[in-house]
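The analysis underlying the following values was restricted to heavy atoms, covering all of them including side chains, and did not include hydrogens, waters or symmetry mates. None of these values were measured; they are calculated from a predicted model.
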2 protein chains.
Amino acid sequence: MVSIKKIASDIGVSTATVSNALTGKGRVSEEMVARIQARADELGYRPSIAARALKTGHTGILGLVMPDLTNPLFPRIAQTLSIAADRRKLGILIADSRGSADEQSEALHRLVDRGVDGLLVVPQKGTTPDPMPVPIAVINTASDPTNSVSADHWGGGALVAQHIADIGHRKVIILGGDKVSEVQRDRIAGMTQTLRNDMQASVFWGNRGVMQAVAEVQTGATAIMTTSDLIALRVRSELIRSQVSVPDLVSLTGFDDMTFASIMHPALTTVAQNVEEIASRAIDIISAKIQGAAPAQEGETVPMRLVVRQSTSIPTHPAKRRPPQ
Amino acid sequence: MVSIKKIASDIGVSTATVSNALTGKGRVSEEMVARIQARADELGYRPSIAARALKTGHTGILGLVMPDLTNPLFPRIAQTLSIAADRRKLGILIADSRGSADEQSEALHRLVDRGVDGLLVVPQKGTTPDPMPVPIAVINTASDPTNSVSADHWGGGALVAQHIADIGHRKVIILGGDKVSEVQRDRIAGMTQTLRNDMQASVFWGNRGVMQAVAEVQTGATAIMTTSDLIALRVRSELIRSQVSVPDLVSLTGFDDMTFASIMHPALTTVAQNVEEIASRAIDIISAKIQGAAPAQEGETVPMRLVVRQSTSIPTHPAKRRPPQ
DNA sequence: CTCCCTTGCTTGAACGTTTAACCAACTAAA
DNA sequence: TTTAGTTGGTTAAACGTTCAAGCAAGGGAG
């Protein structure tokens with residue numbers, strides 16, 4: 001292992017000078033910097049992170065805790081986060097909260113023990129991570145007061161609802177997965193508050209809700225808006241089973257634009273998160289906090305984007321059609 | 001920050017004794033160990049990973065590199081790996097190789113620079129990670145000579161093929177995603193080598209292959225075996241478009257048992273990896289290598305499991321049925 | 001009583017950085 | 001010519017551990 005000492009003795013200067021030259025901190029002549037750089041490159045010098053961490057107290061590592069790593073959105077978040085972190089020369093240590101609030105808290109502490117400089121957390125539904133000895137950035141949803149950055153889930157809900165209203169649906173069904181999730185509640189709030197006054201909406205939840213929604217189609221509902229592509233796919237399967245065609249008889253929407261959304265048939269109209277932007281802001285925020293600065297735009301939200309595909313259309317089927325009032 | 005020094009001076013012993021007591025290494029009396037432990041707990045002492053790393057040269061951190069973090073399998077691997085690592089008091093630092101072999105190599109080096117003790121890598125299709133200064137465990141497939149542990153992809157292919165043969169199909173289509181992938185080649189090899197002599201099989205690849213496969217159904221093929229659930233879903237969509245019903249007219253199989261496989265309609269017959277077992281073995285292997293031991297069962301493979309659902313059935317449709325010869 | 005072994009602890013150096021404090025030499029201003 | 005400021009370095013301590021080596025005290029064997 002080649003250390004700063006080796007370079008120093010090679011060139012005949014002190015280790016302090018080498019350190020200064022390499023980090024660009026103290027006062028070192030241009031020429032000396034060049035010589036030191038050259039020798040460092042030659043020797044393939046890599047600074048010891050451990051030594052630096054010991055001295056400075058910073059490891060350059062961020063901890064990432066997600067509610068459940070099997071969440072289909074996780075890969076994209078992890079990837080973009082990892083790329084964004086990389087640009088800032090930060091590493092990402094992962095931990096899984098295994099679905100429980102207790103485990104979430106333990107995971108956070110494990111990361112802190114490992115010396116992370118800051119924490120990124122997508123909280124377990126319905127929980128708020130307890131205070132930590134290092135800065136923390138929360139990725140959740142606007143209605144969470146601890147939220148640092150997130151997609152505008154409310155706005156996303158509004159987008160689909162507007163789309164559904166615009167193309168002429170008047171009786172709709174809204175289908176959520178879990179009432180405990182603030183994200184899903186916000187999405188649904190966005191939907192309901194955007195529907196026109198002359199529209200009629202029923203909200204259902206969970207697995208039972210899927211059945212209720214499909215049944216409701218018989219009573220004249222022409223659109224089903226769900227809070228997740230996964231739920232939409234489940235509904236789609238039920239509809240096939242009941243011989244209800246999409247979008248002819250009923251329009252269907254999802255949320256999050258997962259991989260299969262564009263592949264399934266009909267391709268699913270959904271709402272996409274700008275994951276890159278969220279990740280990049282999360283990193284900005286946590287970096288600022290680590291440096292003791294007040295993070296710009298903390299708590300702000302990133303717009304979602306409506307992706308219209310084939311699963312939604314004008315309600316045309318004669319039997320089901322309800323003339324605009 | 002409470003250090004070993006604080007405990008030492010509190011109790012009135014040397015730091016060495018505290019260190020020995022806490023790590024259980026040197027010679028310390030039972031009683032003293034107890035007193036030190038007690039005081040440490042009281043103060044909420046956490047050893048400085050950085051200091052330890054600096055001194056010992058080990059960080060207790062593993063690097064994980066995946067070809068593309070958006071790979072739908074990633075979450076499960078990451079999760080189980082993270083849990084398994086945790087049990088061994090190891091951390092996991094992630095890096096994304098962004099789809100290219102160069103980036104993969106860079107990612108590996110970044111991790112090494114961060115001082116990881118070992119590397120876990122799921123290699124980019126068709127690449128072999130170049131030699132690294134730390135131990136490395138490769139998760140790929142049996143036919144890769146550098147493979148440390150993986151699912152038995154060949155066996156998985158054999159399982160589906162056997163299933164398809166058993167229920168009476170005689171003319172089948174095999175559909176792969178990318179010829180470059182050893183994993184997919186092994187899966188397909190498992191399929192083709194397991195088919196009976198009196199069976200007829202055509203192999204197609206990629207997006208074009210999907211169309212070819214669907215067209216081939218017209219010529220009498222009664223089953224389509226794919227190397228991925230994602231491909232299967234794509235095929236399913238094409239089949240709906242062509243009004244070919246599954247499984248009545250044609251049986252369909254996937255690979256990997258992704259989330260949507262059980263949700264889509266009809267629920268997909270597929271082959272599942274024992275991700276937990278693979279992760280746990282990977283950690284065993286890399287730990288052994290780090291400790292300089294010869295890892296037991298390196299290179300061995302973990303059996304896959306056939307999950308039969310509704311997308312496969314006896315070839316019954318009159319028009320398409322071909323009597324067993 | 002001496003010799004040696006074991007037990008239980010201490011000493012001190014080392015890991016590779018960073019950083020505050022210091023200093024010599026030179027330059028520019030007064 | 002003194003004084004003050006700047007430039008380009010050096011010295012030495014410190015971060016929190018670990019670990020080899022050392023040492024005092026006690027015990028058992030001879």
- Query: For K25(A) and M1(A), take the nucleotide of DNA chain C holding the closest heavy atom to each; which residue's nucleotide lies nearer the 5' end?
  - Reply: M1(A)

- Query: Closer to the 5' end of DNA chain C via nearest nucleotide, is it G12(B) or L54(B)?
  - Reply: G12(B)

Among the candidates [options], find the nucleotide nearest to the side-chain atoms of [X].
{"X": "A16(A)", "options": "dC9(C), dT17(C), dA12(D)", "answer": "dA12(D)"}
{"X": "S3(B)", "options": "dG16(C), dT10(C), dT17(D)", "answer": "dT17(D)"}
{"X": "A51(A)", "options": "dT17(C), dT10(C), dT17(D)", "answer": "dT17(C)"}
{"X": "R52(A)", "options": "dT18(C), dT18(D), dT11(D)", "answer": "dT18(C)"}

- Verdict with supporting geometry, N147(A) and S150(A), side chain to side chain donor-acceptor pair (under 3.5 Å): CA-CA 7 Å; N147(A) 189 53; S150(A) 73; 3.3 Å; yes

Do [X] and [Y] get their side chains close enough for a donor-acceptor pair, meaning under 3.5 Å?
{"X": "S82(A)", "Y": "D96(B)", "value": "no"}
{"X": "E182(A)", "Y": "T141(A)", "value": "no"}
{"X": "T146(B)", "Y": "D144(B)", "value": "yes"}

What is the distance from [atom1] of [X] to [atom2] of [N], rounded to the nearest Å?
{"X": "I49(A)", "N": "dT17(C)", "atom1": "CD1", "atom2": "P", "answer": "10 Å"}
{"X": "N20(B)", "N": "dG8(C)", "atom1": "CG", "atom2": "P", "answer": "12 Å"}
{"X": "L22(B)", "N": "dC9(C)", "atom1": "CG", "atom2": "P", "answer": "14 Å"}
{"X": "K55(B)", "N": "dA14(D)", "atom1": "NZ", "atom2": "P", "answer": "18 Å"}
{"X": "K5(A)", "N": "dT18(C)", "atom1": "NZ", "atom2": "P", "answer": "14 Å"}
{"X": "K6(B)", "N": "dT17(D)", "atom1": "NZ", "atom2": "C1'", "answer": "18 Å"}

- Of the residues in residues 27-36 of chain A, which ones touch DNA chain D at a heavy-atom distance under 4.0 Å? R27(A), V28(A), S29(A), M32(A)

- Message: Please list all pairs meeting side chain to side chain donor-acceptor pair (under 3.5 Å) that have one or both residues in residues 44-53 of chain A, counting only residues at least two apart or in different chains.
- Response: R46(A)-D113(B)

- Item | The single option from P123(B), S181(B), P129(B), P145(B) passing side-chain contact (heavy atoms from CB on, under 4.5 Å) against N140(B) | P123(B)

- Message: S29(A): which residues meet the side-chain hydrogen bond (donor to acceptor under 3.5 Å, both in side chains) condition with it, sequence neighbours left out?
- Response: none

- Message: Taking 4.0 Å as the cut-off, does a side-chain nitrogen or oxygen of T56(A) come that near to OP1 or OP2 on dT18(C)?
- Response: no

- Task: Give a yes/no answer on whether the side chain of S19(B) brings an N or O atom under 4.0 Å of OP1 or OP2 in dT17(D).
- Result: no

- Task: Would you indicate what S48(B) reaches in the nucleic acid, counting non-hydrogen atoms under 4.0 angstrom: base, sugar-phosphate, or nothing?
- Result: sugar-phosphate

